[in-house]
Amino acid sequence: MRDYWGQRPASLRRPRLLERLYPYIFNNPSRGRSFLQEFFAARPEQLEDPFFSHAVRWGGGIRNLAFLSPEYRNCLSGYDPREELARWLPESFGGRDLFSRAQVLEIELFLAGFLLSSQGDRVAMAHSVEMRHPFLDYRVIDFAFRLPAKWKMRGLQEKYLLRRACRDLLPQGIASRGKHPYRAPVSALFTAAAPADYVDELLSGQSLRASGYFDAAKVARLYQRVLEAPPGTVGEFANMALMGVISTEILHRQFLASASYKGVRRVSPDLVRYGAERTIEGREWTSAMPPVDGRDHGTAEGA
């Protein structure tokens, strides 16, 4: 939809398509329309960006780096994660269609490391349940990647071929209904009426200064502004910024500041560079081919 809009950025009708995707976000239609159009705006020069499909999401994340402490912002100066990502991707990535590029990025960045891990496998295995995902069968994935984009989505109808294949197996109301993604109730956590005892403590200046990751004064101003804002008026960036701070503080306390972690003996992994020659037990040795992701799994960085 952004690609379609970006080809004629001055069009007044094309951005209105966004309202068909997100009719449930805002109670105020005029505010919802202006927000969606500003948030998803696309310019013709952006259409050639190989990471175009994820530019909106990444742009929001970059804004929230301002809440890091000066020390950590300095650590990131000059670092562009997109350059690192480009080294992971297959050589044919740039020549693929828009849908395929978006799917590759989701698989590399979102699927295994977050969606399946944090929201799937870890949750299930904690309750002794082993999950199976039929749509992630390697034969299904291989087939799906060979499909042209027009069979994956027709106009605004998603999962077009799957709907066609199952139209005689499902009631028409189910086979033709639109998607309605679930949304975590993030904003409900940051209200004066919410039971936010641990939130107040984690976002306190004492807690933030102790961990050192964030600028305590900036976070305090943001949190106060969010608490005082009328319901439904807090933007997505503010909510996600506070959620990122809280998540980091919880992880720091549980895994870095805890006594159980400090008592564990530090282990230095063996240095193994794939393809490099090493002398092992008095003989010359050349390591095996690198793994498919291209990273060095024999070092702490690769792991």
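Residues Gly94 and Arg101 approach most closely at O-NH1, 4.0 Å, considering heavy atoms. Pairing each heavy atom of Pro90 with each of Arg96, the nearest pair is CG-NH2, 3.9 Å. When all heavy atoms of Leu147 and Lys152 are compared, the closest pair comes out as O-CE, 3.4 Å. In plain terms, the two heavy atoms of Ser207 and Arg253 that are nearest each other are OG-NH2, 3.0 Å. The shortest non-hydrogen separation linking Leu202 to Leu208 is O-CD2, 3.8 Å. Of all heavy-atom pairs spanning Ser77 and Asn74, the tightest one is OG-O, 2.8 Å.
Atom CG of Leu105 is separated from atom CZ of Phe51 by 6.0 Å, given to the nearest 0.5 angstrom. The line from CG of Leu115 to CD1 of Ile107 is 11.5 Å long, rounded to the nearest 0.5 Å. Within the model, atoms CG of Asp215 and CD of Glu71 stand 12.0 Å from one another, a figure rounded to the nearest 0.5 Å.
Under the side-chain contact (heavy atoms from CB on, under 4.5 Å) criterion, Arg13 pairs with Ser11, sequence neighbours left out. Remark: Phe145 pairs with no residue by the ring pair (Phe, Tyr, Trp, His ring centres under 6.0 Å) rule, at least two apart or across chains. A search for side-chain hydrogen bond (donor to acceptor under 3.5 Å, both in side chains) contacts involving Glu130 returns Arg132, not counting sequence neighbours. Residues passing the side-chain contact (heavy atoms from CB on, under 4.5 Å) test with Thr248 are Tyr213, Phe214, sequence neighbours excluded. With sequence neighbours excluded, the residues forming a side-chain contact (heavy atoms from CB on, under 4.5 Å) with Arg16 are Glu19, Arg33, Gln37, listed by chain and number. Under the rule for a ring pair (Phe, Tyr, Trp, His ring centres under 6.0 Å), the partners of Phe237 that lie at least two apart in sequence or sit in another chain are Phe39. Under the rule for a side-chain contact (heavy atoms from CB on, under 4.5 Å), the partners of Pro44 that lie at least two apart in sequence or sit in another chain are Pro9. The side-chain hydrogen bond (donor to acceptor under 3.5 Å, both in side chains) search around Tyr138 returns none, not counting sequence neighbours.
The hydrophobic cluster containing Phe52 also includes Leu47, Leu98, under a criterion of side-chain heavy atoms closer than 4.5 Å among ILVMFWY residues, counted directly or through chains of members. Leu170 belongs to a hydrophobic cluster with Ile174, counting contacts under 4.5 Å between side-chain heavy atoms of Ile, Leu, Val, Met, Phe, Trp and Tyr, direct or through other members.
Connection of Leu256 to Ile250 is established within a shared hydrophobic cluster, with ILVMFWY side chains joined at heavy-atom distances below 4.5 Å, either directly or through further cluster members. The hydrophobic cluster containing Met153 does not contain Tyr160, counting ILVMFWY residues as joined when their side-chain heavy atoms lie under 4.5 angstrom apart, directly or transitively. Hydrophobic clustering, with ILVMFWY side chains joined whenever heavy atoms are under 4.5 angstrom apart, groups Trp5 together with Met1.
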Would you mind writing out the side-chain donor-acceptor pairs for residues 116-128 within the sub-3.5 Å range, not counting sequence neighbours?
residue, atom, partner, partner atom, Å
Ser117, OG, Arg122, NE, 3.0
Gln119, OE1, Tyr182, OH, 2.6

Pairs under 3.5 angstrom only: tabulate donor-acceptor contacts from the side chains of residues 55-65 to other protein residues two or more places apart or in another chain.
residue, atom, partner, partner atom, Å
Arg57, NH1, Glu106, OE2, 3.2
Arg57, NH2, Glu106, OE2, 3.4

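The closest side-chain heavy-atom distance from Leu222 to Val245 is not below 4.5 Å.
More than 12 heavy atoms of other residues, nucleotides or ligands lie within 6.0 Å of CD in Glu45, so this atom counts as buried by the packing criterion. No more than 12 heavy atoms of other residues, nucleotides or ligands lie within 6.0 Å of CZ in Phe135, so this atom counts as exposed by the packing criterion.
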